[in-house]
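In what follows, a structure is listed as structure tokens, so that the remarks can point back to it.
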Amino acid sequence: MKIEFVYFYGLYNLVRKMEAAIDFTFIYDLVKDMYSEVGRPSIDPVILVKLTFIQYTFGIRSMRKTIEEVETNMAYRWFLGYGFHDKVPHFSTFGKNYERRFKDTDLFEQIFYRILMTAANKKLISAEHVFVDSTHVKASANKREKL
């Protein structure tokens with residue numbers, strides 16, 4: 001018996017709105033030259049972008065914490081295309097993929113720009129009002145450790 005995501009989270013969950021508004025498949029054309037047809041399959045580039053999207057949209061401070069959230073949050077799992085029993089990638093997978101494929105490119109900027117343009121064209125964002133969060137956040141750093 002397959003249980004639908006809507007059963008648990010309803011039609012108005014933010015990730016459902018994002019998935020309905022943005023067609024992430026354009027990412028495949030942008031990154032096709034960075035992936036090989038041979039060898040071990042890599043993590044889907046759309047998942048890499050969506051992980052970052054989750055992190056920034058929901059204010060998660062690190063990719064490690066983002067992965068922890070994805071492991072337990074069914075809405076995030078649905079947004080990424082993972083089922084209840086699917087294994088979520090290790091947090092270091094994002095860093096390794098970014099380092100190997102995207103570090104010295106402007107691909108993330110191109111993707112972000114395209115998503116912003118899509119959202120603006122669909123009137124999902126507006127420059128009419130700007131909100132700034134100036135909350136002081138204490139760094140989680142060891143003061144005794146030298147860099």
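Excluded from the calculations below are hydrogen atoms, water molecules and symmetry mates; all remaining heavy atoms, backbone and side chain alike, are included.
Annotation: side chain to side chain donor-acceptor pair (under 3.5 Å) contacts of R77 (sequence neighbours excluded): none. Judged as a side chain to side chain donor-acceptor pair (under 3.5 Å), and not counting sequence neighbours, E71 has no contacts. Under the rule for a side chain to side chain donor-acceptor pair (under 3.5 Å), D86 has no partner lying at least two apart in sequence or in another chain. Qualifying salt bridge (Lys or Arg N to Asp or Glu O under 4.0 Å) partners for K122, counting only residues two or more places apart in sequence or in other chains: none. Not a single side chain to side chain donor-acceptor pair (under 3.5 Å) links T118 to another residue, sequence neighbours left out.
Note that OG1 of T25 and CG of L30 are 10.5 Å apart. Values are rounded to the nearest 0.5 Å. Of the inter-residue distances, the one linking E19 atom CD with L14 atom CG reads 12.0 Å to the nearest 0.5 angstrom. Atoms CG and CG, from L107 and L48 in turn, are 11.5 Å apart once rounded to the nearest 0.5 Å. Atom CD1 in I115 sits 9.5 Å away from atom OG1 in T52 (nearest 0.5 Å). In this structure, OG1 in T72 is found 10.5 Å from CE in M74, a value given to the nearest 0.5 Å. How far CD1 of I54 is from CD1 of I60: 7.0 Å, rounded to the nearest 0.5 Å.
Between V15 and W78, the closest heavy-atom pair is O-CZ3, 3.8 Å. Pairing each heavy atom of P89 with each of I43, the nearest pair is CG-CD1, 3.4 Å. Residues F53 and I22 approach most closely at CZ-CD1, 3.9 Å, considering heavy atoms. Residues M18 and F24 share a closest heavy-atom pair of O-CE1, 4.4 Å. The two atoms that bring M63 and Q55 nearest to each other are CE-OE1, 3.1 Å, heavy atoms only.
Contact of the Y113 side chain with the E109 side chain is not registered, since no non-hydrogen atoms from C-beta on lie closer than 4.5 Å. Within the 4.5 Å cutoff, side-chain heavy atoms of R101 are placed close to those of S42. Side-chain atoms of F79 and V70, non-hydrogen and from C-beta on, never get closer than 4.5 Å to each other.
Linking Ile, Leu, Val, Met, Phe, Trp and Tyr whenever their side-chain heavy atoms come within less than 4.5 Å leaves I111 and M117 in two separate clusters.
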Report the C-alpha separation of Y76 and K50 in whole Å, then their side-chain angles, then the decisive distance to 0.1 Å, and conclude whether the side-chain contact (heavy atoms from CB on, under 4.5 Å) test is met. CA-CA 9 Å; Y76 295 164; K50 284 183 171 185; over 6 Å; no
I27 vs R114, test: side-chain contact (heavy atoms from CB on, under 4.5 Å). Steps then yes/no. CA-CA 10 Å; I27 294 168; R114 178 91 172 256; over 6 Å; no
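Salt-bridge formation is detected for the pair E68/K65: a Lys NZ or Arg NE/NH1/NH2 atom is positioned less than 4.0 Å from an Asp or Glu carboxylate oxygen.
Around CZ of F112, the count of heavy atoms belonging to other residues, nucleotides or ligands within 6.0 Å does not exceed 12. In this structure, Y56 places its OH atom where only 12 or fewer heavy-atom neighbours from other residues, nucleotides or ligands lie under 6.0 Å away.
Each ring pair (Phe, Tyr, Trp, His ring centres under 6.0 Å) pair with one or both residues in residues 80-101, not counting sequence neighbours, appears once here: Y98-F108.
No side-chain donor-acceptor contact under 3.5 Å links N73 and E69.
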